[in-house]
Amino acid sequence: MLILLAFIIVFHITSAALLFISTIDNAWWVGDSFSADVWRVCDMNTSICTAITDQFTEYQSIQAVQATMILSTIFCCVSFLVFILQLFRLKQGERFVLTSIIQLLSCLCVMIAASIYTDRHEELHMSNEYSIEVSKGQYGYSFVLAWIAFAFTLISGVMYLVLRKRK
C-alpha cells in the first residue's frame, strides 16, 4: 500500500511539474530564429523578447490560453493538497471524490488551453504586430508537454475516483 501511495504522489507531482513547465517556458511555437509562447515572442538572433499585449489581433485567444493554463496549474496544486488532507480525514473505504473532481477540472482546463492554441495557431502567428516572421514555425515542446499534462491529469483524476482509502 505504501508503494501505491508513493506512486500516486510522484505521479501527481509530475503532472504539476509538467503544467508549470508548459505554462512558464517559452516554447509553444518555435522556429529557426524565434520562440513564442503564450506570454511573449523572442528573437534568438538579437535576444529581444516582445510581450504579447492587447495590441495583437488575437489577444483574446492568447488570454484564454493563459487563463486556462494558470487555472489548470492551480487546480492541480489544490487537488494535491486536498488529497493529502483527505488521506488523513477520510474514513476507511471512502473514495477520494473531491480530489478527483478538482484534478479532472485541471484536466479540463489544460485541454481547453491546448485546444484553443491548436485551433487558433494560424491566426495567432499570421499577425502583423510581430516584429519578426513567426508564421514559419512548428509546435514546441511546451505545447507537447501541455498535451502530456492533459493525459497525466486525466489518468490521475480517474485514479483518484477509483481509489479507496485503506488502512
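Below, each value reflects all heavy atoms present in this structure, side chains not excepted, and no hydrogens, waters or symmetry copies.
Counting only heavy atoms from C-beta outward, the side chains of V65 and I112 never approach each other to under 4.5 Å. Counting only heavy atoms from C-beta outward, the side chains of I8 and L163 approach each other to under 4.5 Å. By the 4.5 Å heavy-atom criterion applied to side chains, L104 and L108 are not counted as neighbours. Two residues are said to be in side-chain contact when any heavy atoms from C-beta on lie closer than 4.5 Å; F11 and I155 meet this criterion. Side-chain contact between Q138 and V30 is present, with at least one heavy-atom pair separated by less than 4.5 Å. Taking the side chain as every heavy atom from C-beta outward, Y59 and I52 approach each other to under 4.5 Å. Contact of the C109 side chain with the F75 side chain is registered, since non-hydrogen atoms from C-beta on lie closer than 4.5 Å.
Listed by chain and residue number, W28, H125, F143 satisfy the ring-ring contact (aromatic ring centres under 6.0 Å, His included) test with Y117 (two or more places apart in sequence, or in another chain). In terms of the salt bridge (Lys or Arg N to Asp or Glu O under 4.0 Å) criterion, R40 has no residue partners (sequence neighbours excluded). Residues satisfying the disulfide (SG to SG under 2.5 Å) test with C77, not counting sequence neighbours, are none. Shown here are the side chain to side chain donor-acceptor pair (under 3.5 Å) partners of T46, two or more places apart in sequence or in another chain: D43. With sequence neighbours excluded, the residues satisfying side chain to side chain donor-acceptor pair (under 3.5 Å) with T99 are Q86. Scored by the ring-ring contact (aromatic ring centres under 6.0 Å, His included) test, Y160 finds H12, F83 as partners (sequence neighbours excluded). Applying the side chain to side chain donor-acceptor pair (under 3.5 Å) criterion to S100, with sequence neighbours excluded, gives no partner residue.
In this structure a side-chain-to-backbone donor-acceptor pair under 3.5 Å is present from T73 to M69. Between the side chain of N26 and the main chain of D37, a donor-acceptor pair closer than 3.5 Å is present.
Pairs engaging residues 109-120 under the salt bridge (Lys or Arg N to Asp or Glu O under 4.0 Å) rule: E58-R120 [sequence neighbours left out]. Within the structure, the side-chain hydrogen bond (donor to acceptor under 3.5 Å, both in side chains) test picks out the following pairs touching residues 102-111 (sequence neighbours left out): S72-S106, S79-Q103, Q103-S156.
Note that CD of Q66 and OG of S61 are 11.0 Å apart. Values are rounded to the nearest 0.5 Å. Atom CD1 of residue I62 and atom CH2 of residue W39 lie 10.0 Å apart, to the nearest 0.5 angstrom. The SG atom of C76 sits 9.0 Å away from the CG atom of L18 when rounded to the nearest 0.5 Å. Atom OG1 of T14 and atom CG of L19 lie 11.0 Å apart (nearest 0.5 Å). Between T68 atom OG1 and M111 atom CE the span is 10.0 Å, to the nearest 0.5 Å. Between the CZ atom in F34 and the OG1 atom in T50 there is a gap of 12.5 Å [rounded to 0.5 Å].
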Under 3.5 Å, sequence neighbours excluded: what are the donor-acceptor pairs made by side chains of residues 146-153?
residue	atom	partner	partner atom	Å
T153	OG1	A149	O	2.9
T153	OG1	F150	O	3.0

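Within the hydrophobic cluster formed by Ile, Leu, Val, Met, Phe, Trp and Tyr side chains joined at under 4.5 Å, directly or through other members, V10 stands alone, with no partner residue. Connectivity analysis of hydrophobic side chains (ILVMFWY, heavy atoms under 4.5 Å, direct or indirect) links F20 to I24.
Using a 4.5 Å cut-off between side-chain heavy atoms of Ile, Leu, Val, Met, Phe, Trp and Tyr, with links allowed through other members, L81 and I74 fall into different hydrophobic clusters. Cluster membership for L87 and L4, using ILVMFWY side-chain heavy atoms within less than 4.5 angstrom, is shared.
Crowding of N45 atom CG: a count of heavy atoms from other residues, nucleotides or ligands under 6.0 Å exceeding 12.
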